[in-house]
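These figures come from a predicted structure and were not determined experimentally.
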Amino acid sequence: MYQRILVATDGSELSQKAVDSALDLAAKLGAAVVAVKVVPPYPQSYFDGAMAIDLKEIERTEASWSAAAHKDLEAVQSAGLTRKVTVTPVVVRGDQVSEALIATAQKHHCDLIVMASHGRRGVSRLLLGSETQHVLTHSHIPVLVLR
């Protein structure tokens, strides 16, 4: 049915449920998993009067975020080993999580995306938008959303 499953993680408890579900499904189907964590670029302000930020500090911060992402993905790989599932860790830099997930799924020829929905409602959903909703409406492959 599915041969390569992309699972998105942000290290939260809710995304861990998505990881566990993706790994369990992959184990049952004999599928491989592509575990993805999207790391944002360091925000840079170009407003007049904004403090200039040292480029080395930006690089150090981004390296720290990338290292934390790799650590989260190592945990997914370890969980995959216990289930005898091959896990490919992928750290992606991007402003939009949803676009990064869709592009990564296409690049790695995934046939299912598994992700968590943080369940925002009302005004907070309108103001913050929904990465999950964007993936659901723009993905050309099936998406399994866990709450």
Side-chain angles (χ1 to χ4, degrees), residues 1-46 50 53-121 124-147:
M1 185 174 199
Y2 299 115
Q3 295 178 356
R4 190 166 291 132
I5 300 169
L6 181 141
V7 63
T9 184
D10 61 7
S12 70
E13 187 177 321
L14 187 57
S15 73
Q16 185 58 46
K17 289 181 182 180
V19 167
D20 290 338
S21 294
L23 291 173
D24 289 344
L25 180 60
K28 289 177 184 171
L29 298 175
V33 169
V34 176
V36 180
K37 181 153 184 181
V38 180
V39 178
Y42 192 89
Q44 296 183 11
S45 176
Y46 297 103
I53 300 170
D54 182 28
L55 288 178
K56 289 186 181 195
E57 181 61 30
I58 291 172
E59 290 172 1
R60 195 171 23 256
T61 301
E62 287 181 341
S64 171
W65 290 346
S66 181
H70 283 287
K71 185 176 178 184
D72 287 344
L73 294 176
E74 285 173 8
V76 176
Q77 266 188 309
S78 179
L81 281 173
T82 63
R83 292 174 173 92
K84 297 182 181 167
V85 172
T86 301
V87 177
T88 302
V90 178
V91 175
V92 179
R93 279 192 56 191
D95 287 323
Q96 270 197 318
V97 173
S98 56
E99 290 296 328
L101 293 176
I102 292 169
T104 304
Q106 289 173 340
K107 179 179 177 180
H108 290 272
H109 307 287
C110 296
D111 41 23
L112 176 68
I113 296 173
V114 178
M115 61 189 302
S117 171
H118 285 79
R120 293 186 179 106
R121 300 211 188 292
S124 66
R125 184 187 180 286
L126 289 173
L127 294 175
L128 297 172
S130 172
E131 298 293 342
T132 305
Q133 184 67 31
H134 188 87
V135 172
L136 282 168
T137 57
H138 290 84
S139 175
H140 295 290
I141 62 172
V143 180
L144 174 60
V145 180
L146 298 156
R147 295 181 96 195

So, do [X] and [Y] sit near enough that their side-chain heavy atoms are less than 4.5 Å apart?
| X | Y | value |
| --- | --- | --- |
| Gln3 | His109 | no |
| Ile5 | Val34 | no |
| Arg93 | Pro40 | no |
| Ile141 | Leu112 | no |
| Met115 | Val7 | no |
| Val87 | Leu23 | yes |
| Tyr2 | Cys110 | no |
| Val33 | Thr88 | no |

#### Entry: Any donor-acceptor N or O pair under 3.5 Å, side chains His134, Glu99
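Checked: His134/Glu99 side chains pair up, N/O donor to acceptor below 3.5 Å.
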### Query
After noting the C-alpha distance and the side-chain angles of Val36 and Leu6, does the key distance pass the side-chain contact (heavy atoms from CB on, under 4.5 Å) rule?
CA-CA 7 Å; Val36 180; Leu6 181 141; 3.6 Å; yes
### Query
Counting only heavy atoms not in Gln96, do more than 12 sit closer than 6.0 Å to its CD atom?
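Correct, the count exceeds 12.
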Of all the heavy-atom pairs spanning [X] and [Y], show the shortest one and how long it is.
| X | Y | answer |
| --- | --- | --- |
| Val91 | Ser66 | CG1-OG, 4.4 Å |
| Ala116 | Thr132 | O-OG1, 3.3 Å |
| Ile102 | Ser139 | CD1-N, 4.0 Å |
| Ala18 | Val114 | O-CG1, 3.6 Å |
| Gly94 | Val38 | O-CG1, 3.9 Å |
| Ala35 | Val76 | CB-CG1, 3.7 Å |

Salt bridge between [X] and [Y], side-chain N to carboxylate O under 4.0 Å?
| X | Y | answer |
| --- | --- | --- |
| Arg60 | Glu57 | yes |
| Asp111 | Arg4 | no |
| Arg83 | Asp24 | yes |

### Task
Assess whether salt bridge (Lys or Arg N to Asp or Glu O under 4.0 Å) is satisfied between Glu59 and Lys56, documenting all intermediate values.
CA-CA 5 Å; Glu59 290 172 1; Lys56 289 186 181 195; over 6 Å; no
### Task
Look up atom OG in Ser117 and atom CG in Leu146, then write down how far apart they are to the nearest 0.5 Å.
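Between atom OG of Ser117 and atom CG of Leu146 there are 9.5 Å.
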### Task
Supply the atom-to-atom distance Lys37 NZ to Lys71 NZ, rounded to the nearest 0.5 angstrom.
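That separation rounds to 11.0 Å.
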#### Entry: Verdict with supporting geometry, Asp10 and Asp72, side-chain contact (heavy atoms from CB on, under 4.5 Å)
CA-CA 8 Å; Asp10 61 7; Asp72 287 344; over 6 Å; no
### Query
Can you check whether Tyr42's main-chain N or O pairs, donor with acceptor, with Glu62's side chain at less than 3.5 Å?
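It does hold such a pair.
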### Message
Quick one: does any side-chain atom of Ser15 pair with a main-chain N or O of Ser12 as donor and acceptor, under 3.5 Å?
### Response
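Judged by distance alone, yes, a pair lies under 3.5 Å.
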#### Entry: Residue from Glu131, Gln133, His138 passing side-chain hydrogen bond (donor to acceptor under 3.5 Å, both in side chains) with Ser98
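Only one of Glu131, Gln133, His138 forms a side-chain hydrogen bond (donor to acceptor under 3.5 Å, both in side chains) with Ser98, namely Glu131.
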